[in-house]
Amino acid sequence: MQQNVSIKEVRKKKPLVHCITNYVTMNDCANVLLAVGASPVMAHHPAEVAEVAEGCDALLCNLGAMEDFEAMKIAVQAAMEQGHPIVLDPVGAGGIAYRRARCAELLNVCVPTCIRGNASEIKALYAGCQTTKGVDVSSGDCDAEAEIEEAVTGLSRRLGCIVVASGAVDLISDGNGICRIREGDEMMTRITGTGCMSSALIAAFVSCAPTVEAVAAACTMMGQCGKWAADRTRTERSGTMQFRMHLIDRISLMD
Amino acid sequence: MQQNVSIKEVRKKKPLVHCITNYVTMNDCANVLLAVGASPVMAHHPAEVAEVAEGCDALLCNLGAMEDFEAMKIAVQAAMEQGHPIVLDPVGAGGIAYRRARCAELLNVCVPTCIRGNASEIKALYAGCQTTKGVDVSSGDCDAEAEIEEAVTGLSRRLGCIVVASGAVDLISDGNGICRIREGDEMMTRITGTGCMSSALIAAFVSCAPTVEAVAAACTMMGQCGKWAADRTRTERSGTMQFRMHLIDRISLMD
Amino acid sequence: MQQNVSIKEVRKKKPLVHCITNYVTMNDCANVLLAVGASPVMAHHPAEVAEVAEGCDALLCNLGAMEDFEAMKIAVQAAMEQGHPIVLDPVGAGGIAYRRARCAELLNVCVPTCIRGNASEIKALYAGCQTTKGVDVSSGDCDAEAEIEEAVTGLSRRLGCIVVASGAVDLISDGNGICRIREGDEMMTRITGTGCMSSALIAAFVSCAPTVEAVAAACTMMGQCGKWAADRTRTERSGTMQFRMHLIDRISLMD
């Protein structure tokens, strides 16, 4: 059995995580990485990313940042040469053909350690077609667990990497069986960035060990902190911004 | 009389709102849209925005994102072809000649459903000259209600769209008379993004009905939530960041 | 003795501060400037920054925004022609050679009023070599106060500007002696953006008087608000996001 990775390992290693990620949630991603004990570097200029990726412990590419796609390709190359884990978040691949094409282009030149998206995004990568509108999961894909399981497992086998479909139940596979994580809360869909933050946490965890257990540990922590924050938000009858605050706060207080 | 639009309609429709907006407040705009029950898509790469705008229910162009001006022109074209409502926020048009010129360029190729800015921005578009420094309203323009009324009504008639000048009193016109909304609070000027958020809410509401009533409903909700949050912030003797949190929280709790 | 600058002067002057700064923390920087009574303008398109810099009271260039480097060069030229104070924040110069080179390029064409960075960044500019990985200070540089003092004083004399190395103790020099500010709290390193916010505050203060006293006043205020917010966060057993909120809130409540 592979060694589990806990937040203790992350806090001890203090991994440098290079994020090329969308501008909407990059502040949240940086703060989540600091909360978990990692050190984020958000450099995204094509002329600097090779140097940065080379010196970091993991690379996160989030397809929400289409204007930084050239930088992603350069960074991916540098990370691969060093053998650093790469996490790919295919934001919008479910609803936007252009992003599916760019995602395929990246997957032609690298094997990420992990791909994490919502059910519609994972299904779109597996089936190679549109599955939703915009960047949120479709309601149909939320419910079709068997179908999503097939996409997660199938995509994982085809690409040879760990695949996560986040949702009410997170489905994780490295091609051998499937792991289900029933944490989290519906409130996580009512703010922007919970998916991006999950991917950032996965990058921090896989920098300690590039295993399905490390990915599962990151998803579990995100889900538990989300549930804790949602419970508190409901108890206090407060809204979505307090929820976000409690979520990241909780991560920063974990040990 | 035209049908009013309330937050119920927005929550029921769950409109996809495509925002090409500045990087300073795009996280706030995405969260405000989620708070009101809409689904934000913040795609801004020229190669993807036509596809995204086509599939969404409304388009918001915020001139704070000058680096995305080419994307705006492409998206506006796609939205017009589908007959989707377009909201234009002329951030900085009051103080920056370059933005006034780009705003005029956009208005040459489209008729938005609604233009929303502060008094200095609306006056600058109406008069075609500088009215303030930077991106905030000038103190003179805050007070000159009659003059701003003329600019709102005149610009509305000239362009054939709804025009809003936000301020202590929001002035709204579709060319026929003027609607005054006396909600809001001075504290809304002490954080960045309340104008951008108002424009995002307007985009969500006009996706349900492209009417002056829908615009007024969005402005009323923003103002009431701003007032509620400011009162709470003063009672608790807290500062501007708690104010922002309470403002968006309140929107998320409305029904 | 030079006149001191307090927050009263800033609130009275309401300076327009033009920030060309990284997308990760630009929302925080804008809100900190509003909290202190300044008016932020975050314009960063090359075609508009000359006009904006010319009309503002101070210019902040933050090297985290490498994609806006051409805009920085244009804005610096415009600010110099008007004699406006310039603040330079060399984010990442300690860990990224590309940024050190761009920083040197800027320093070839301007003398800023103030350079503010962490100890590793200031040491890297002084010694012209790599001092850390990523964008955070190295643990060695945190402790080597004598060495950092030499870098601060030496860089200040070489460039003829005020230099600040922020840290557990802020070291400030205009080439004549050194000023030590022992405020702040370790918790300021657990969120992203405290360095960027400090630089923004310095820009607001030096727009009132381009003196070492003004820089020291900005650093003192940031440190005291950071300490206050950290104490409160620990008392309430809350996390890093509440800390950030309390920090900016406190600035907004100062007088």
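Chain identifiers are assigned alphabetically (A, B, ...) following the order of the sequence lines, protein sequences preceding nucleic acid strands; residue numbering begins at 1 within each chain. What you see is a predicted model; the values in this text were computed from it and never measured.
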Pick one of side chain, backbone, both or neither for [X], based on which atoms fall under 4.5 Å of a heavy atom in chain A.
X	result
C/Ala97	both
C/Thr189	backbone
C/Arg237	backbone

Atom group of A/His246 that falls short of 4.5 Å from chain C, counting heavy atoms: side chain

Side chain, backbone, both or neither of A/Ala43 within contact of chain C (heavy atoms, under 4.5 Å): both

Pairwise distance [atom1]([X]) to [atom2]([Y]) - rounded to 0.5 angstrom:
X	Y	atom1	atom2	result
A/Ser39	C/Lys133	OG	NZ	11.0 Å
A/Asp68	C/Tyr23	CG	OH	8.5 Å
A/Lys14	C/Asp136	NZ	CG	10.5 Å

Contact check, side chains of A/Ser252 and C/Arg190, non-hydrogen atoms, under 4.5 Å: yes

Student check: side-chain heavy atoms of C/Gln242 and A/Met245 closer than 4.5 Å: yes

C/Asn108 CG: over 12 foreign heavy atoms closer than 6.0 Å: yes

Nearest non-hydrogen partners of A/Asp249 and C/Gly239, listed with the distance: OD1-C, 3.0 Å

Smallest separation among heavy atoms of C/Gly134 and A/Val41, with atom names: CA-CG2, 3.7 Å

C/Asn27-A/Asn27 side chain donor-acceptor pair, cut-off 3.5 Å: no

Most contacts with chain A, counted as non-hydrogen pairs under 4.5 angstrom, among C/Thr240, C/Thr25, C/Val135: C/Thr240

Chain A neighbours within residues 29-38 of chain C, where any heavy atom lies under 4.5 Å away: none

Aromatic ring proximity, centroids under 6.0 angstrom, A/His45 and C/Phe69: no

